[in-house]
There are 2 protein chains.
Amino acid sequence: MKRICILGSTGSIGTQALEVIENNKEHFRVTVLSCGTRIEELSAQIIKFNPEIAVVAKAEDAAILTKRHPETEILYGMDGLIEAAESDCDMVLNALVGMLGLQPTYRAILKGTTIALANKETLVAGGKLITEAARKNKVRILPVDSEHSAIFQCLQGNQENEIKKVILTASGGPFRNYSLQDLEKVTREQALKHPKWTMGQKITIDSATMMNKGLEVIEASWLYHLSGEKIKIAVHPQSIVHSMVEYMDNSIIAQLGLPDMKIPISYAFSYPERLEMKSTGLDIFKDGANLTFEKLDQSVFKCAGYAYEALKKGGSYSAALNGANEMLVQLFLEGKIRFVDIQNILGEVLEKHESVETSDIDHILEIDLETRVLSKKLALNI
Amino acid sequence: MKRICILGSTGSIGTQALEVIENNKEHFRVTVLSCGTRIEELSAQIIKFNPEIAVVAKAEDAAILTKRHPETEILYGMDGLIEAAESDCDMVLNALVGMLGLQPTYRAILKGTTIALANKETLVAGGKLITEAARKNKVRILPVDSEHSAIFQCLQGNQENEIKKVILTASGGPFRNYSLQDLEKVTREQALKHPKWTMGQKITIDSATMMNKGLEVIEASWLYHLSGEKIKIAVHPQSIVHSMVEYMDNSIIAQLGLPDMKIPISYAFSYPERLEMKSTGLDIFKDGANLTFEKLDQSVFKCAGYAYEALKKGGSYSAALNGANEMLVQLFLEGKIRFVDIQNILGEVLEKHESVETSDIDHILEIDLETRVLSKKLALNI
């Protein structure tokens, strides 16, 4: 029986993770559930999964839930998340959104708990810190992102030093083949409609700007010890091939499937074994009958280029990239800047950022905060 | 230094295997070379690779080579092949054509030598005998066929009992989308022109009739302990995806690359490691930009159906299928029957064949011979 702590249980990854667990009750038990503000959903999950701990964002929500669920310890805020991440369990699934995920991941690693990582910002902002801590504490970080799970699956039975390159696939998002001018006219509604995946708002906007692919480039670099030159992006609108690894003998291993996050989630949960899935899989003659791959136009979608730049420059550059992006996406969602401003202002922020070596987690959080403030200033002309 | 015995060194696989060895002299040494009648090519190979043993088909050719190459022991005939297969080495690459390969493989296995298998007829005719002997003698059979190497690569880090199905890809050969009527008019020249792979005559004709894919279905069944229901064929004209494995969690792992037999050859030679290839690999944006998959029309190409039937019926049925096919391909190459007669007469032969359990290698050879005689009779109306 694997005891699993789920941080971010009411989001897209969290709810699908709970589905996987429900279908495999004999293998898994939920020890922690957590949400931000969706306390009704969390309350229903608590009744169903009877966790030892549940975490919410605010003290007042915690008070409400404590009355309703006396058998579950209700915590709140970042302290609550950290306490939950450090609680007794075999695996922490980090499905939090954004920088929020950094500290709980770090603390779980220090405690020696295996991480199932769906929160890519953790590695983008704190890649060096996190991977070094994982190495020192002999903690395995299992990827839950579909692309990184694909790479991880393609790596089984092979050595990292045999990799010639990794090909990260991208659906291309809702604005594939758009020109820069077309991007100027994009609305919030259009940007929130992803053609292939149903996800949270932050990652959906990141997918539309292609920043998501940039963040994934950085994540892959940390997870698999690859330089930026060894990570390529291929636009693959069908979203069937989730990524590929090319080896030094010119053999390429790819992972395919329907766009279903339950596959990478269950692989992380049951690794190195696989869980039986009740649903029908990909029909290669239908959904997979025609698979295409094209280059990403980085002169239109500039965010991917920023990520490669961040890998080259190292230090705090990635944390700045991530902080600025989170702020700009938020401002776009609030209707305060245009879609195309996200990448434009991001470019300005990064130009102003002077990369330094990050020393510890507080330093990373500091850089994150500074960059958010700067981004907001530039965005709102204040 | 791995000592490699190459049976069939002047054919397509053999010469490419020698290229791989030449590019990796620090890892491999050739101990045996062999050919049928191309003794001039073999002679040049002997000078270059200085093997301990060389084998030819005929005694008179052996006499000629013995004079020319006094430092190499020259053997001949089936006895020579068997002696070579049993000689001191770390691996026997069986790149012989047809049933000729069965006995040397079997004897090498009894001797405990690892097999790199390019000769699929060995497993089609003697699957049970060969795989049981390999299991008993703890001998690994490494696939060299591009499809089976693909499956083998996709299986790394996974368990055979996690396989939901295997998808064997097929280029579709030169007559893809032909009707039965179109097949009636096919010439020898057309059939010998494969759109994607340059190979020997036997396998090129097998690829045109799709019997090759049928033989591969049987080979995959023995290599990976799969029933016929778990092996599907997908026509994939680009020949970039060499095969796929779908697991019980709906995740599919595929192996891709340019159609280059040096990839599977070098993987078998260096397994579980990979060798560096000097050439550029697949450009996913060019050769891999558009990958398609379609069903095989088994009402036109009947040979694949015979193979599934053989798996269902078991016993000697596969050996009969293989013997009949070898004879009919030979008769077609000699201009004695039409292209479409291969599958038609094959159907007749199999209908007449009464499957029995095969007891030993002599029994298999007997069935092979009987079926050849019967096929020739039916083909030539004698």
Side-chain angles (χ1 to χ4, degrees), chain A residues 20 149-150 152-159 161-165 167 169 232 234-236 240-242 244 246-258 260 262-264 266-267 270-286 288-295, chain B residues 20 149-150 152-159 162-165 167 169 232 234-236 238 240-242 244 246-258 260 262-264 266-267 270-286 288-295:
Chain A
V20 170
S149 174
F152 185 59
Q153 291 181 54
C154 296
L155 266 168
Q156 297 307 308
N158 296 284
Q159 304 296 325
N161 62 13
E162 294 174 332
I163 299 177
K164 192 194 248 179
K165 65 171 183 275
I167 302 168
T169 55
K232 307 289 171 196
V235 174
H236 168 53
I240 295 297
V241 176
H242 300 309
M244 316 186 213
E246 180 173 350
Y247 291 99
M248 61 187 188
D249 62 355
N250 290 339
S251 180
I252 298 176
I253 308 292
Q255 191 263 340
L256 293 75
L258 290 173
D260 178 354
K262 286 199 283 294
I263 298 177
S266 77
Y267 192 66
S270 63
Y271 175 82
E273 284 163 30
R274 293 180 183 274
L275 292 174
E276 191 163 356
M277 206 73 89
K278 300 277 184 299
S279 59
T280 330
L282 174 73
D283 180 347
I284 193 74
F285 302 113
K286 219 179 96 198
N290 205 329
L291 306 177
T292 64
F293 302 91
E294 57 200 57
K295 283 190 179 162
Chain B
V20 170
S149 174
F152 185 60
Q153 292 180 53
C154 296
L155 266 169
Q156 296 307 309
N158 295 285
Q159 304 297 324
E162 294 174 333
I163 299 176
K164 192 196 251 178
K165 65 172 183 270
I167 301 167
T169 55
K232 306 289 173 196
V235 174
H236 167 54
Q238 300 82 25
I240 295 298
V241 176
H242 301 310
M244 316 187 212
E246 180 174 350
Y247 291 99
M248 61 187 188
D249 62 355
N250 290 340
S251 181
I252 297 176
I253 307 292
Q255 191 264 340
L256 293 75
L258 290 173
D260 179 354
K262 287 200 282 295
I263 299 176
S266 77
Y267 193 65
S270 63
Y271 175 81
E273 284 164 29
R274 292 181 184 274
L275 293 174
E276 192 163 356
M277 206 73 88
K278 301 276 184 299
S279 59
T280 331
L282 174 74
D283 181 346
I284 192 77
F285 302 114
K286 218 179 98 199
N290 205 328
L291 306 177
T292 64
F293 302 90
E294 57 201 55
K295 283 190 179 161

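Here the structure is a predicted model, which is why all the values come from computation and not from measurement. Lettering of chains follows the sequences in order, A, B, ..., and the numbering in each one begins at 1.
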Among [options], single out the residue with the greatest number of heavy-atom pairs under 4.5 Å to chain A.
| options | result |
| --- | --- |
| B:Met277, B:Lys262, B:Glu246 | B:Met277 |
| B:Ile252, B:Leu282, B:Val241 | B:Ile252 |
| B:Ser279, B:Ala289, B:Pro272, B:Ser270 | B:Ala289 |

request  = Can you see which heavy atom on B:Met244 is nearest to which on A:Ile284, and at what distance?
outcome  =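 Between these two residues, the closest heavy atoms are CE-CD1, 3.6 Å.
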query = Which heavy atom in A:Asp249 sits nearest to a heavy atom in B:Arg274, and how many Å separate them?
reply =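 Closest approach of A:Asp249 to B:Arg274, heavy atoms only: OD2-NH1, 2.9 Å.
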Which answer fits [X], side chain, backbone, both or neither, if we ask what part of it has an atom under 4.5 Å from a heavy atom of chain A?
| X | answer |
| --- | --- |
| B:Leu275 | backbone |
| B:Lys164 | side chain |
| B:Asn158 | side chain |
| B:Gln255 | both |

request  = Go through the atoms of A:Glu294 and report whether side chain, backbone, both or neither lie under 4.5 Å from a heavy atom of chain B.
outcome  =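 Contact with chain B is through the backbone of A:Glu294 alone.
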query = So what's closer than 4.5 Å to chain B heavy atoms on A:Leu258: side chain, backbone, both or neither?
reply =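 Answer is neither: A:Leu258 stays 4.5 Å or more from chain B.
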key: Top of A:Leu155, A:Val235, A:Thr280, A:Ile240 for chain B proximity - count of heavy-atom pairs under 4.5 angstrom   =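 Option with the greatest count: A:Thr280.
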ask   = Which one, A:Pro264, A:Ser251, A:Ser266, A:Ala150, leads in non-hydrogen pairs under 4.5 Å with chain B?
value =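 Ranked by heavy-atom pairs under 4.5 Å with chain B, first place is A:Ser251.
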request  = Starting at OH of B:Tyr247, measure out to CD of A:Glu276 and round the result to the nearest 0.5 Å.
outcome  =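 These two atoms lie 15.0 Å from each other.
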key: Spacing of B:Lys278 atom NZ and A:Met248 atom CE [to the nearest 0.5 Å]   =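 Between B:Lys278 NZ and A:Met248 CE, I get 10.0 Å after rounding to 0.5 Å.
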inquiry  = Checking B:Glu162 now: which residues fulfil salt bridge (Lys or Arg N to Asp or Glu O under 4.0 Å) with it, not counting sequence neighbours?
reply    =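 Applying salt bridge (Lys or Arg N to Asp or Glu O under 4.0 Å) to B:Glu162 gives none.
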query = Taking the side chain as C-beta and beyond, is there a heavy-atom pair between A:Gln153 and B:Ile253 under 4.5 Å?
reply =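 Counting from C-beta outward, A:Gln153 and B:Ile253 do come under 4.5 Å.
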message = Going by ring-ring contact (aromatic ring centres under 6.0 Å, His included), name the residues that satisfy it together with B:Phe293, two or more places apart in sequence or in a different chain.
response =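 Partners of B:Phe293 under the ring-ring contact (aromatic ring centres under 6.0 Å, His included) test: B:His236.
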key: Any donor-acceptor pair under 3.5 Å from B:Asn250 side chain to A:Gly257 backbone   =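 No, B:Asn250 side chain to A:Gly257 backbone: no donor-acceptor pair under 3.5 Å.
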